[in-house]
Every structure is written in C-alpha cells, then in structure tokens.
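Numbers restart at 1 for each chain; the letters A, B, ... are given by sequence-line order, proteins then strands.
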Amino acid sequence: MTVGGGSVLGIPPSSEGYVLEARGLTKRYGSVIANKEVQFGVRRGEIVALLGENGAGKTTLMNMLFGMTAPDAGSVLIDGGPVRLQSPRDALALGIGMVHQHFMLVPPFTVAENIALGVEPSRRGILDLSDLEAQITALGRRFGIDIDPRALVKDLSVGQQQRVEIIKALYRGARVLILDEPTAVLTPQEADDLFKVLRGLAHEGTGIVFISHKLREVLDVAHRIVVMRRGAVAGEVLPRDATPESLASLMVGRDVLLRVEKAPSVPGNPVIVVRELVVNDDRRVRAVDGVSLSVRTGEIVGVAGVQGNGQTELVEAITGLRATQSGSLHLGERDLTRATVRERTDAGLAHIPEDRQRHGLVLPFTVAQNMILNRYYRLPFSRWMVMQAKAMRDQARDLVGRFDVRPANPEARVGSLSGGNKQKVIIARELSRDVRALVASQPTRGVDVGSVVFIHGALIAARDAGAAVLLVSAELDELLAVSDRILVMFRGRIVGEVEAATATREEIGLLMAGGVGRVIVPATN
Amino acid sequence: MRTRRNLLFGLAALPILAACGGEAAPAAPAAKAEPTKAPAAPAPAAPTTAPAAAAAPTKAPEPTVAAKVLKVGLVTDVGKVDDKSFNESAWNGAKAGAAAIKGESKYVETRDPNDYKKNIQQFVSEKYDVIVTVGFLLGDATIEAAKANPTIKFIGVDQFQEKPVENLAGLIFEEDKAGFMVGVLSALVSKSGKVGAVLATDVVPPVWRFGEGFRAGVKFAKADADLQIVYHSDVGPEKTFDDPEWGKATALSMADKGVDVIFGAGGKTGNGALYGVAERKDKGVLAIGVDTDQYLTVPEAKAVLLSSGMKIIDQGVSDLIKAVSDGKFKGGNVNGKVGLAPFHDLDSKVSAEIKTKLETIRKDLDAGTLKTNVKPAKG
Amino acid sequence: MTQAVRARLIGGLIPSLAIVTALLIGGVIIWASGPRIDGPWFGIWFVVEAYQALIEGAFGSRAATIDTVLRMVPYVFTGLAVMVGFRGGMFNIGAEGQLAVGALASAWVGFTVTSLPLVIHLPLVLLTGCLAGAIWGGIAGLLKARTGAHEVITTIMLNYVGGQLAAYLLNGVLRDRSPLNVIAQTPKVAETARLPDLVPGLHSGVILVIGVAVLVWFVLWKTTTGFELRMVGINPDAASYAGVNVVRRMTWAMGVSGMLAGLAGAVQVAGVNYRSTLGFNVGYGFDSIAIALLGRNTVSGVVLSSILFAALRTGATKLQFRTQISTDIISVIQALVLLMIAADQIIRWIYRIGPAQTEADPVAASTAPVADSESGR
Amino acid sequence: MTRGRFAFIIGCIGLLIGGAEVLRSPDVSASIVAASMLATMLRFATPLTLGALAGLLCERSGVANIAIEGMMLSAAFGAFLGAAVTKSLLIGVLAGMAVGVAMATLHAWLSVSLRVDQIVSGTVINIMAAGITGFLSTEVVRRQALVGAGLLPALRIPVLADLPVVGPVFQQQPIAWMALLLVPLTHLVIFHTPWGLRLRSVGELPRAAHAAGISVIRTRYTAVMIGGAIAGIGGAYFTLESVPAFEPLMTNGRGFIALAALIFGGWTPAGAWAASLLFGAANALHINAQQFGIPVPAQIVGMFPYLLTIVILAGVIGRVSPPAAVGTPYEAD
C-alpha cells in the first residue's frame with residue numbers, strides 16, 4: 001500500500017486524526033468475499049474518494065461503516081476509539097451520515113417528514129415539523145441548497161432528492177458524510193454543483209467519503225484517493241500523483257486496453273431506423289421526446305448520456321418492452337412500431353438488456369433453458385408446442401463451449417453463475433443466431449475485466465458479420481473504444497452526433513450536459 | 001370416569017389467566033364449572049382440586065355381561081351435538097333412551113353435508129342396532145341406509161316419510177301448530193299490536209312451518225296485527241343457523257320499531273334473537289323461543305322469555321328407542337309432541353283468559369277442527 | 001452433484017417431518033382431552049387408539065378406502081389449481097368460489113339438457129364446469145394483469161361473490177322445483193351427465209383426475225406454454241423480454257387455475273352428488289392452498305398431499321366415533337402441517353437440519369411460495 | 001382520498017334516509033325507521049371497523065393481513081372463555097385482546113422474523129383459528145359446561161340518547177364506543193405522531209426507515225401486535241357485546257368484509273370507518289326491507305361489499321393502492 005507523501009491542504013499524512021476509520025474489516029457472503037481486511041479512514045474536512053469498479057466491494061464497506069451490515073471481522077473506529085455499529089441508528093448517533101446510491105427517501109412523504117424520520121420532533125407526543133421546516137430552509141441557505149421542506153419527495157427531481165439526502169445527514173449533525181456513487185444519476189453540471197456543495201461542507205469541517213468509479217471526477221474533487229479491487233484496498237494515492245491511467249490500472253489490476261482492436265467499419269444499408277419516437281416512462285412523463293436515428297449494417301452506433309435521460313426508455317421502445325406514444329421504428333423495410341417483442345425477435349432483432357438479472361435471465365432456470373429464452377417456441381427446440389430437451393441440451397453444450405461460460409455445465413442454475421458468466425449466457429443466446437440488429441444496453445456493467453474484453457470482441461464480431469449494433473453505455477471510454485459513431489442523449493432528445501474516431505471526451509461531456517453552444521445534428525437516415 | 005379434560009382446559013385458560021395478571025386465582029373458578037373432578041393432577045397448570053363427584057354427563061355405561069346391549073348411534077346435522085337446539089335435544093333423547101334400556105350411545109357430528117351417508121355408514125359398519133339421524137337434510141341418506149340395512153332400526157328426526165320403510169321411523173312434528181299457538185299467544189299478549197319473528201331460513205321446512213304457523217296464528221288471533229317475519233337466507237346451511245349476531249340485530253331492529261313480542265327460531269340465529277330481546281328488557285319486549293323450553297337452554301333470556309314453541313324431540317327419540325327395545329318399533333311417520341313451554345317467570349303476563357283461549361285452540365288443532373293451512377314446505 | 005442430491009433429499013424430508021411433528025402435537029392435544037386412567041401409558045394408548053381409528057377410518061375397509069379416494073379427487077383438482085397459479089406467479093385463494101360456480105354451471109347443463117347421449121353430454125357437463133371456473137379465475141387474472149389489482153384480494157372477494165351468486169341462483173332459477181325438494185339445490189342431473197362407476201361406489205372421475213394430473217405435469221414442464229408460465233411466475237420482466245405476452249399468460253394461469261377448480265366442482269356434481277347444493281364448496285379454498293404448499297407445488301406432491309388430507313378428513317369420523325372428541329382436531333393438525341411447511345425453519349430447527357442452501361442470487365432463494373425445486377414431478 | 005371518504009359517508013346517509021323514506025309506514029314514522037337503521041348500521045359496523053383498523057395498522061407497516069378473520073374468531077373465543085371463567089366482562093375483553101395479540105404475534109413471527117409469505121402466514125392463522133376454537137369450544141366449553149358472563153351494558157349519554165333519529169348514536173355498548181374512539185385515535189397515531197411516521201415509512205420503503213435508524217422488524221412487530229389487540233377487541237364484540245355465547249365460526253366472514261372495508265377506505269382509518277358504515281348501512285337496509293316485506297334478495301346485498309372492493313381495486317372508480325412495501329419481507333442485508 002502506498003501512502004502519498006507530503007500533505008494536501010494541511011492534512012497530516014499519517015493515519016492520525018481519522019474521524020472514522022475501518023480497521024481490518026472483512027465480510028463474506030456465502031463463498032464470496034466482499035471485503036477482505038480493509039483499512040480505510042477519513043479525517044475532518046477531508047474529501048476521500050473511494051474508487052473501484054462495480055463489485056469491488058465499495059458499497060459493502062460503506063454499509064459496514066454505516067451499521068447496515070455487520071462485519072465478520074475487524075472493527076470500526078470513531079475518533080480513534082472502537083465502536084460497535086449494530087444499526088444505522090448507532091452510526092447516526094455517532095455523527096456518520098450516508099447518501100445512498102438508491103435514495104432512502106419515502107416518496108409519498110414530504111421533504112420535512114423524510115428528514116424528520118428517526119429523529120422526529122414532537123410536542124406532547126404529536127409530530128411537530130414547523131421548527132424543522134425552518135431549520136431545513138436555514139441549512140439550505142447556508143450550503144446553497146434550495147429546497148422546499150413541504151414538497152413531496154415523489155415530485156422532486158433526482159438532483160433535488162439527492163440534496164434532500166445531504167440535508168438529512170447534515171440535520172442529524174453528520175461529521176462524516178458518505179456518498180455512494182452520487183454522480184451516477186447527475187448531469188455533469190449537476191455533478192459540478194454537487195462538488196461545490198461538498199467542498200463547502202469539507203471547508204466547514206465535515207469529513208466526506210465519496211464513492212465512485214469515475215476517474216475524472218475523483219481526480220477533480222478528492223483530497224485523497226483510496227482504490228479498491230476485489231474486496232481489498234489496492235492502493236492509496238493523492239490526486240496530484242495520479243493520472244487517469246494510473247488509477248485505472250490500480251482499479252483493474254492491469255493496464256486496460258482502452259483501445260479495442262477493430263477494423264474500420266464498412267456501413268451498408270440502414271437497418272434500425274427510428275423516426276420521431278416519443279416514449280413515456282413509468283410515471284407517464286415523456287422520457288423520449290422525438291428521437292430519430294438510424295443504424296446501418298456493419299456499424300456500431302453508441303448512445304452516450306447521463307443515466308436517466310431517456311436511454312433506457314429508448315432501448316425498451318426499440319425492443320418492444322415499452323409502448324411508444326408516436327413515431328415509428330423500422331427494421332430494414334419492415335415496420336415494427338406496433339410489433340410485439342416476439343415479432344421483433346423473429347425479425348432478427350437481438351437485445352442485451354440493461355438489467356440482466358431482471359430482464360435477461362430467469363435465475364432459477366438452468367443455463368440450457370436460459371439459452372433458448374428467445375427461441376424455445378421454434379424448431380428444433382419445440383415441436384407442436386412440446387419442448388425438445390435434447391435439442392436444448394445439444395445447443396447449450398455447444399454454446400457453453402463457444403462462449404466460454406463457466407462452469408461449462410448446461411444444467412447448472414444460471415443464478416449460481418458469476419456476473420460475467422451470466423452476461424456470457426445472454427450474449428451467447430442473442431448472438432448465436434441470425435442477427436440483423438443488436439441493441440446492447442450497458443453490456444459490461446458489473447462484469448470482470450476479462451469478460452469485458454470478450455464482450456467488446458463479440459460486439460465487434462457481430463458488426464463485422466453485418467449486424468447493425470446500437471450500444472448504450474454509461475462508460476464514455478467504452479463508447480469511444482467500441483463505437484463507430486456516437487449519439488448523445490439529453491432530456492429525451494438526441495442532442496449531437498460525433499465520429500468516435502475523432503471525438504473527445506470533453507466534446508461529448510459538453511453535449512451530455514445539454515449541448516451547450518452546439519447545433520443539434522439531425523440523425524442521418 | 002375421571003377425565004384429563006381439565007388439563008386441556010387449564011392449558012387453554014393459561015394465557016388468559018396470565019394475561020389477567022393473576023387477578024383471578026386459576027383454580028377456583030374453573031373448578032366451579034367443572035362437572036367431573038379428578039384428584040389433583042400433577043400438571044401444575046391444571047386447575048383440578050375437588051374430589052371425584054358426580055358422574056360425567058356423557059357417562060359410558062358399565063359393560064354389562066351376557067344380555068345383548070343395544071347400541072344407539074346418532075348422526076347430527078351440520079353442527080355440533082351441543083348446539084342448544086335440535087341436535088342437542090335429539091342427542092339428549094338418544095342418551096336417555098339408551099340409558100333407559102341399558103344400552104350404550106355414541107354420536108358422530110357432521111361437518112360437511114356430503115358426509116351424511118358416510119357418517120351413517122360408520123354406525124352401520126359397527127353393527128349398531130339403532131341409528132338416529134337428526135335433521136331434515138339427512139332424509140335421503142337415511143332412507144337409503146335403511147333400505148340397505150333392514151336389520152337396523154333407523155329414527156329420522158324431522159324426516160317426513162313419503163313411502164314408509166319398515167325399519168325407519170320418521171319422527172316429525174307439526175311445527176305449524178306450535179307456531180300457530182305461539183302466534184296466537186304473541187298477538188294476544190302484544191300491547192303495541194306489532195309482533196315479529198326472526199327465523200334462520202325458509203328453505204328448511206320445519207323452520208318454515210314454524211314461521212308460517214306463526215303467521216297464521218297471529219292473523220287468526222288478531223287480523224289487523226302488524227306482523228314482521230324475517231328469514232335469514234344466507235350462504236348454505238352451515239351459516240344460516242349459526243349467525244346469532246344477525247338474529248340479534250334483526251330482533252333489535254324490530255324492537256326499535258315498536259314490536260313487543262318476538263319469536264326467534266332456528267339454531268343459533270334464533271337464539272340471537274332471544275339475546276336481542278333480552279337487551280330490550282326495559283322496554284317490555286318479550287321473546288318466544290323454539291324447539292325446547294329455552295328458559296332452560298338460553299338462561300340469558302330468562303327475564304324476557306314468555307314461552308317456547310316446543311317440539312319435544314328428546315322424548316320422541318327416547319320413546320322410539322324404547323320401542324325398539326320392546327319390539328314395538330314400526331316404520332313410517334311418528335308424530336312427536338308439540339306445544340307451548342311453561343311461562344315460568346312471566347306467568348303473570350298471560351291472563352287467565354288468554355290461557356283458556358290457548359287451551360281451546362290447542363284442542364281444536366289436535367282435533368283437526370282448526371287448521372293452520374300451512375303447506376309442508378315452502379313451494 | 002451430491003449437494004443437489006442432498007438438497008432434494010431434504011426437500012422431500014421436510015414435508016414428511018412436518019406431518020410427523022403435526023401428528024405428534026395433535027397427539028398431545030388428543031391425550032390432553034382424553035379420559036384419564038392412572039398411569040401415563042394408558043393415557044397414551046388413547047392417542048394410539050385415536051390414530052388407529054383415523055387410519056382405519058381412512059383405509060381400514062374397501063368402503064373406507066373408496067371414500068378416501070373420492071374425497072381425494074376434488075383435493076387434487078383444487079390443489080393443482082392453486083399450484084398452477086403459484087407457478088404462474090399468482091396466489092389463487094379463490095378455489096372455493098371457482099369450484100362453486102363450476103359446480104353450478106355443470107349442474108345446470110346436467111339437468112337442463114336431457115336429450116344427448118352420455119358421450120356428448122358428460123364431456124359437455126365437465127367442460128361447462130371448467131369454463132365457468134376459468135371465467136371466475138380469469139377475472140382475477142385479467143384484473144391483475146390489466147390493472148394491478150392484487151389477485152389475493154380479488155379472489156377472496158370473488159369467493160364471497162361466488163358464494164352469494166350460488167345462493168341466489170340455487171334459491172332462484174336453478175332451484176329444484178319438485179315438490180319433494182325443499183332446500184337450495186339443483187335438480188339431479190340427467191343419467192347421461194353422470195360419471196359411470198369404475199367399481200360400485202367409485203366413479204370414473206378418479207381416472208380423470210390422474211389424467212388431468214399427468215396433463216398438468218406435461219403442460220407445465222414439457223410444453224412451451226408451461227415454460228412461459230413458469231417464466232412469468234419466476235420473473236415476469238424476463239418473460240416479457242423473451243417475448244412472452246405476460247398479460248395473456250397471467251390471465252391464462254388464473255384461468256387454468258380456475259378451470260381446474262371448476263372441474264373439481266363439475267366432477268363432484270357428475271360423480272358424487274349429481275347436483276349442486278348450496279355450501280358444499282366451503283373449505284376447499286384454504287385446504288387447497290395447504291395441499292399445494294405441502295406438495296411443494298409439484299404434481300406428485302399435490303397428489304400425495306391430497307391423499308393425506310383426504311385420509312385425515314375421512315378418518316375423522318371413525319376417530320370421533322371411537323374417542324368422541326371433536327373432529328376439529330383434524331383442522332388443528334392441518335394448520336400445524338401448513339405452519340411447519342410454510343416456516344420450514346421450525347422443522348430444520350427441531351430436527352437440526354442445516355439451513356436451506358443459500359444460492360448466490362437472492363431471487364432463487366426467495367421466500368416466495370413457489371418451491372425451490374424447479375423439477376416438476 | 002378525502003373526497004372519496006366524503007362520498008362514502010354521504011352514500012351511507014343517503015342509503016339510510018332513502019331507506020327510511022321508502023320503508024316509512026303509516027304507523028311507524030320515518031324518524032323511528034331511520035333511528036333503527038342507524039342503530040343497526042352502527043352495530044354491524046362495529047366489528048368491521050375494529051377489524052379494518054387492525055388490518056390497517058398491520059398493512060401500514062408493510063405486513064399483509066388476510067388473517068383478520070382468524071384473529072377475531074380466536075379472540076372471540078378467548079374473550080368468552082376469559083369472561084366465563086372469571087365472571088368478569090372486563091377480564092373477558094382483556095383476554096380477547098391477549099388472544100388477539102397472541103395470534104398477531106404468530107403472524108409477525110412467521111412473516112416478519114421467518115419471512116414466510118404473508119398470505120401463507122395469514123392462511124395458517126385462519127385455518128388454525130377455526131380448528132382450535134372449534135376444538136376447544138367442544139372439548140373445554142362443552143365439557144366444563146361453561147356459561148357466559150352476560151353482555152357489556154350499553155352506555156348512554158343522557159339527553160342525547162333520547163334525541164329522535166340520532167338517539168342510537170349516543171346509546172351504545174362499550175366496544176362500539178371504543179371502535180368510534182379508535183378511529184380518530186388511529187388516525188392521530190398514524191398521521192400525527194413520530195411513531196406513525198416511522199410506521200408509514202416502514203410500510204412504504206423499509207430500507208429508508210432502516211437507514212434512518214428505525215428498526216423495521218420491531219416497528220412491524222409492534223404494529224402487527226397492536227393490530228392484534230384491536231382485532232381482539234373486535235373479537236370480544238362477538239361474545240361479550242353481541243351474544244353471550246361462543247359459537248364455532250361465529251365471525252362468519254366478517255373479518256374478510258373488514259379487509260374489504262380497509263381496502264375500500266384506501267388504508268386510512270376514516271376511510272375504513274366510512275366503508276364499514278357503508279357496509280353496515282347496506283345490511284341495515286336489507287334487514288329493514290325484509291321486515292317491511294319488501295323482497296330484496298339477501299344475496300345481492302351480500303355481494304355488495306365484495307363487488308365494490310373489486311371495482312375500486314381495479315381502479316374503475318377512484319383507484320386505491322396499498323402501502324408500497326405490503327407483502328415484502330424485510331431483510332436487513
């Protein structure tokens with residue numbers, strides 16, 4: 001472990017002065033070690049970034065520090081003294097606040113009610129929120145957070161909800177604030193605002209733990225960076241000593257080939273043709289607002305954008321999981337706007353879903369069964385509606401080998417596979433048939449690096465075989481490496497298009513933030 | 001015979017007693033209600049104190065030697081043998097009859113109308129000599145069993161025999177006559193001129209005959225009387241007789257509108273009506289019970305219970321069992337006795353004039369000079 | 001694969017242990033309500049005698065066995081009904097109501113139609129029962145799929161609506177108008193609408209129930225329809241991703257569930273009662289849930305559980321006859337069995353069996369009533 | 001929701017007044033009919049209200065409760081037994097509550113601690129309650145020849161109880177009063193106390209509650225057990241206030257009507273109460289119609305609460321939705 005020499009902003013280099021410290025924390029889930037003897041600490045007024053890939057064990061560590069999960073070994077120290085955190089209540093009492101990745105706000109409650117939860121002010125047993133509401137407004141003013149205490153949380157935007165979470169922690173007198181992936185749902189501008197707030201908090205003496213897997217923002221905001229890999233601390237560096245490349249290699253344990261080897265694309269005729277598509281989200285709010293795009297054979301079109309700008313709904317509409325309000329979708333010459341999922345599948349559309357556990361797999365089913373989810377109703381897998389077990393087994397045995405699924409047992413339950421192997425099952429299923437078009441949504445989220453390389457290769461192979469590929473990803477690097485063209489979505493619209501070969505992160509980042517100063521490029525047809 | 005039931009009782013009462021924070025001494029009240037006492041049982045929770053005393057009500061007969069012991073079996077209608085109503089009456093009759101001829105008696109309770117046949121078969125296969133089936137609804141099953149087992153004597157309570165079977169006696173009652181007399185009594189006693197009846201169901205003929213007899217009686221005694229008759233037709237036989245809350249609510253609703261004599265008939269539902277009337281004691285509302293003398297079976301209503309329209313099932317059953325023993329048993333319909341129960345505490349409410357009139361009517365009904373004009377069942 | 005074998009062994013062991021434990025506790029209750037004769041052994045003989053009577057009453061004679069089998073038939077149908085619902089992700093509490101409307105409809109066709117030969121009339125009667133049950137169950141499925149109205153609540157409510165509807169019709173248009181009939185029931189169905197006896201007293205519905213059980217097994221585990229149904233039951237999102245019409249499949253699951261319950265009613269009409277009587281459906285709703293759960297939502301499990309429940313109910317009469325204690329003891333035992341099946345931690349704790357294998361994924365190890373075993377037999 | 005509740009109450013009043021108008025006869029004035037119907041409505045509404053409040057507390061904490069019927073039935077038995085043994089009606093009520101709490105604790109243990117499916121747990125309790133009360137009523141009550149200790153006397157408010165039409169409102173038995181009292185009290189507790197806020201948060205988003213330092217498990221236990229106590233009072237109504245005896249299965253499905261009322265009232269105390277009144281009014285109308293010889297098919301009236309519940313759940317008129325976390329066991333990890 002490297003401890004950065006010297007001091008930044010007057011912070012002592014040693015482990016002296018930690019407000020909150022983890023010492024040798026270990027946590028197992030069954031046979032999986034989520035955290036292994038983790039050492040970690042944060043001082044007063046310090047912003048520490050906890051960097052790591054999905055699945056590196058960051059959230060588990062934070063849950064232990066916040067008393068939501070009990071460690072199997074090791075201890076948590078506050079102001080140098082060991083404490084036993086049996087529940088978040090204990091953590092809160094000791095001045096630890098947490099802003100979770102999934103907000104812990106009750107949607108039908110007001111802001112004030114949410115903040116009051118657990119420390120309810122009352123007068124003769126009756127809830128009395130009037131003082132609290134005044135305090136919320138005051139706190140908000142102090143930290144530049146504008147929030148109406150009487151608004152219902154379900155009516156607030158994601159960014160606003162996050163501020164409610166921060167105020168909630170501050171109201172409880174948090175000396176240490178843990179933020180779990182706070183920027184995942186924010187636009188770059190919102191993220192900048194958040195960083196301002198965080199710097200202000202740190203200035204006032206709050207210790208901040210900032211969990212992220214985004215290299216740039218970590219370098220931007222942190223005073224100190226702790227990198228986790230496979231449940232253990234892989235290293236600790238100061239921002240001025242680090243580059244994105246050095247952090248990335250610490251994160252993944254080896255130098256990542258961010259440049260994916262691929263031949264230049266040879267685009268043919270348009271296959272996926274979307275015109276003026278309008279789609280509503282679950283709350284019946286317009287999420288996709290007149291998107292037009294086309295993907296040709298032999299090319300990979302990436303879709304960039306901050307999470308929650310309509311990408312999910314766009315993919316669901318194209319693949320038939322979500323109804324469209326207006327607009328059209330063609331696959332080649334065929335109008336699929338009103339087609340069922342099955343008709344789209346039969347027309348040659350493949351789909352790697354964003355949430356593989358939820359959409360892509362039936363976990364208690366076997367690998368073999370999961371490998372035919374998109375064709376079980378056809379020969380040779382069923383005849384006169386009767387399933388043909390042998391055909392299913394034969395194909396599974398073949399695919400397990402070809403796509404390197406481990407364990408190579410077609411009868412294993414998919415639920416027992418690792419994330420990467422689960423994703424391989426999906427990819428094997430989707431790409432092992434005639435595919436005219438492939439829609440891949442976050443295909444490498446939460447999978448190990450080896451699988452990432454494999455998946456990228458598979459996408460490019462599909463392209464080279466003549467498929468039109470639409471790739472939606474939150475990872476700019478992935479988009480830049482794999483795509484041929486990149487479309488940027490903002491608030492349900494396509495706000496720009498760039499050539500992947502020539503585009504820069506900054507350019508795309510600007511577009512993601514709302515396309516400032518840039519003419520919206522109409523999608524090519 | 002000593003029983004361990006008090007132990008079970010102790011277990012059941014334990015949480016309650018515990019919940020009362022020991023306010024009630026566990027042993028005393030339980031012992032009071034306990035008919036048969038075992039010597040102090042080792043189980044600490046068992047409130048057993050008193051020495052063995054009186055015999056259990058369900059005393060098993062001493063196994064007698066030599067002489068053939070007649071075995072009497074009874075199958076209830078859906079419900080329990082202790083329903084304070086016709087099942088209980090019939091069971092009391094069966095016990096009494098069996099005791100009188102030094103036989104033994106057992107019962108099987110029906111919980112599903114599909115089981116009538118099977119429950120009867122239970123006694124058949126155990127070679128019982130007399131099988132009593134209680135209730136109109138067992139009619140078909142009883143006839144079938146009787147035909148199949150000519151050596152066994154059957155007694156069908158409330159079962160009218162269309163075509164007599166030699167070994168099956170249908171113990172039937174002219175409920176319409178009892179209802180008629182109740183109706184006359186109600187009409188004559190009522191001060192407000194409003195009388196009512198709360199009846200479990202109109203689909204079971206004996207209950208229906210009670211109700212319609214009541215109607216005829218009221219009209220006979222006082223043509224302009226305001227008459228309210230409510231039948232509780234609910235989902236199936238297992239509920240219609242077992243809804244005392246409904247019976248009570250209905251009776252109260254009547255009482256609130258000035259009805260001052262209420263006839264409640266039909267299992268628990270009818271009993272509910274009596275409870276309801278008891279709550280309007282201060283308003284001078286009177287109740288009339290059914291089947292047995294309910295002064296004895298529903299003590300809560302003593303204060304308001306004017307009389308009961310009785311069908312004396314227990315005696316009817318008991319007599320038929322004795323007839324079997326004496327070799328005088330004959331198939332076909334046997335009319336049981338019906339009549340009015342004593343007025344007990346409320347005797348003063350019934351003037352001598354009314355009593356005379358009731359007596360006349362009873363005679364006329366028996367003689368057939370007065371007819372209730374009630375059909376055997378709702379058409 | 002020894003782990004899988006072990007898991008399967010324990011999977012079969014737990015229901016057996018639950019039954020044994022429930023019977024033991026039931027024995028204690030029987031003992032406590034029995035006559036006391038000095039010395040503990042004699043007290044225990046009372047329990048032995050009680051259970052002996054129970055077994056004799058259920059299987060002790062040809063007639064008893066036939067009775068048990070007859071009682072098993074509707075249990076298997078309704079148990080399968082609940083199971084199909086569970087497998088499709090739907091909790092059908094409405095077997096009772098579906099059975100009632102099935103019986104009503106089949107009886108109606110049974111007594112109004114009189115001029116058809118048996119080969120046409122009988123199937124028609126059974127199919128009508130199926131159809132009525134399917135509609136009754138399908139309503140709940142459709143409401144769930146279209147509006148999200150929870151099927152537990154709607155099926156409970158439909159039970160009562162069905163019961164009231166039956167009462168209304170049986171007291172009204174469907175009532176037997178013959179002067180001899182006085183209760184709320186239909187006329188007897190025509191001879192051509194009755195299931196012929198296999199042997200005297202045992203109607204051929206037994207063959208039908210075996211056939212239907214095999215068919216349900218085949219459809220659920222060997223056809224695309226069953227594949228889709230189970231997919232919807234485990235993960236409706238994945239199912240819709242795979243191109244399954246989830247709304248249709250959910251409605252279908254509840255429809256088939258209701259159909260099986262309706263068939264139970266129809267078979268009771270055509271094979272046992274020859275008419276529909278008010279109130280005979282009561283109790284099947286909850287019993288069928290217990291049977292499906294005890295049978296771990298597998299076909300063979302449902303059949304075995306049905307035999308057990310049927311035997312308990314059939315034997316109860318003899319148990320009461322011998323001991324003169326209340327037959328409600330059977331309900332207590334059934335509730336205990338269900339309790340220990342639902343919370344198998346109790347059994348695992350009593351018998352020191354290790355905790356259930358926790359899969360790496362939480363979905364597979366979910367506490368949903370769908371059995372952990374995906375195998376259908 | 002408020003508008004909906006308003007509509008229910010207006011519906012009840014409309015039913016009563018309309019009924020009274022129709023049923024008025026030359027010698028029974030409309031006001032007497034109305035008063036009588038009001039009394040009947042309140043009587044029917046009492047166990048429904050209590051049952052619905054019991055279910056409400058439970059479901060608001062995220063634990064589905066289809067076992068109101070079983071809890072009330074066993075409490076009815078417990079109350080009877082307690083009163084019969086001690087000859088004290090008060091102890092009877094307490095015993096009923098204790099049994100209600102015991103059944104509720106079983107429900108909580110199964111569904112909260114052991115994370116058994118909540119519907120299955122409810123089914124267990126319903127079956128068990130029917131079996132055990134049936135068994136004990138035979139084996140204990142009959143064998144011991146226990147008789148009830150009578151009924152709770154009506155408490156009347158002088159003067160007000162003599163008013164025309166509304167008189168019956170001011171002359172009710174203690175449990176009926178308690179039901180009326182519990183409606184605003186439950187509302188106050190759920191919507192205006194710290195514990196109520198916690199309860200609702202646990203029922204809506206338990207992980208948020210957990211993160212705020214609230215014990216989801218303990219809150220659910222408490223809610224389910226208080227619900228059990230209320231169901232216990234509701235059960236005591238049957239044996240200590242309605243009729244002085246216990247009969248097997250005497251709750252006759254009213255626990256399920258209470259569930260319907262709870263849903264129909266949109267999981268709010270006032271709504272549940274209004275729905276109970278509405279169902280009570282339907283019953284009152286039916287009984288009175290029969291008394292006056294107007295043939296209203298009992299079964300059609302009987303269907304009414306259930307059909308209404310299905311309709312409202314399907315969102316045909318004014319959609320309601322349950323607390324978001326109902327039915328999901330909470331796992332801290």
Side-chain angles (χ1 to χ4, degrees), chain A residues 29-32 315-316 319-322 339-346 349 351-366 369-370 372-378 381-389 392 409 411-419 421-422 426 429-430 441, chain C residues 1 3-5 7-8 86-89 148 215 217-249 252 296-297 354-368 370-376:
Chain A
Y29 290 106
S31 56
V32 183
V315 167
E316 288 181 352
T319 53
L321 291 173
R322 188 176 285 275
T340 61
V341 173
R342 169 115 345 138
E343 285 162 354
R344 291 171 208 233
T345 309
D346 287 343
L349 180 68
H351 178 200
I352 298 169
E354 177 177 331
D355 184 340
R356 59 176 165 269
Q357 312 255 17
R358 195 176 138 210
H359 279 120
L361 298 168
V362 181
L363 298 181
F365 277 12
T366 63
Q369 284 173 322
N370 272 287
I372 58 163
L373 283 191
N374 59 353
R375 65 195 101 158
Y376 63 88
Y377 51 91
R378 287 198 310 210
F381 305 106
S382 63
R383 197 185 295 265
W384 301 108
M385 290 178 67
V386 178
M387 308 276 292
Q388 304 296 319
M392 177 175 84
N409 172 15
E411 297 304 315
R413 285 210 202 163
V414 147
S416 63
L417 266 50
S418 74
N421 282 300
K422 280 181 184 144
I426 294 176
R429 175 181 74 213
E430 296 299 322
S441 194
Chain C
M1 287 288 93
Q3 207 178 10
V5 172
R8 186 161 293 187
F86 273 145
R87 287 290 181 184
L215 187 67
W217 170 80
F218 183 80
V219 169
L220 275 187
W221 278 276
K222 295 293 161 192
T223 68
T224 53
T225 312
F227 190 72
E228 290 180 3
L229 183 93
R230 288 182 294 127
M231 219 192 306
V232 169
I234 295 166
N235 185 346
D237 290 323
S240 61
Y241 162 86
V244 179
N245 186 331
V246 175
V247 168
R248 189 187 300 160
R249 212 33 93 206
W252 192 91
R296 305 218 134 199
N297 288 311
Q357 297 292 315
T358 42
E359 295 272 323
D361 59 296
V363 179
S366 90
T367 51
V370 170
D372 41 334
S373 129
E374 246 303 301
S375 66

Novice: Are a donor atom and an acceptor atom from the side chains of A:Tyr377 and C:Glu228 found within less than 3.5 Å of each other?
Specialist: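 There is no such pair between these side chains.
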Novice: Test your reading of the model: is there a side-chain donor-acceptor pair from A:Asn370 to the backbone of A:Leu363, 3.5 Å cut-off?
Specialist: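 Not confirmed, A:Asn370 side chain does not pair with A:Leu363 backbone.
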Novice: Per the side chain to side chain contact (heavy atoms under 4.5 Å, CB included) rule, which among C:Asp237, C:Ile234, C:Val232 passes with A:Val362?
Specialist: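 The option that passes is C:Ile234.
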Novice: Name the region of C:Val244, side chain, backbone, both or neither, that has any atom closer than 4.5 Å to a heavy atom of chain A.
Specialist: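 Its backbone and side chain both get close to chain A.
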Novice: Under a 4.5 Å heavy-atom cutoff, which of A:Thr340, A:Leu361, A:Thr345 has the most pairs with chain C?
Specialist: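 Option with the greatest count: A:Leu361.
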Novice: What part of A:Arg429 is in contact with chain C, defined as an atom under 4.5 angstrom from a non-hydrogen atom: side chain, backbone, both or neither?
Specialist: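 Side chain only.
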Novice: Are side-chain heavy atoms of A:Gln369 and C:Met231 found at a separation under 4.5 Å?
Specialist: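 Side-chain contact under 4.5 Å: no.
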Novice: Go through the structure and list residues passing side chain to side chain contact (heavy atoms under 4.5 Å, CB included) with A:Val386, not counting sequence neighbours.
Specialist: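 Once residues adjacent in sequence are excluded, the partners of A:Val386 under the side chain to side chain contact (heavy atoms under 4.5 Å, CB included) criterion are A:Gln388, C:Phe218.
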Novice: Looking at chain C, which one of A:Val341, A:Asp355, A:Thr319 has the largest number of heavy-atom pairs inside 4.5 Å, strictly under?
Specialist: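 When all of A:Val341, A:Asp355, A:Thr319 are compared, A:Val341 has the most.
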Novice: For chain C, find which of A:Thr366, A:Asp346, A:Asn374, A:Leu321 contributes the most heavy-atom pairs closer than 4.5 angstrom.
Specialist: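 Answer, by heavy-atom pair count under 4.5 Å with chain C: A:Leu321.
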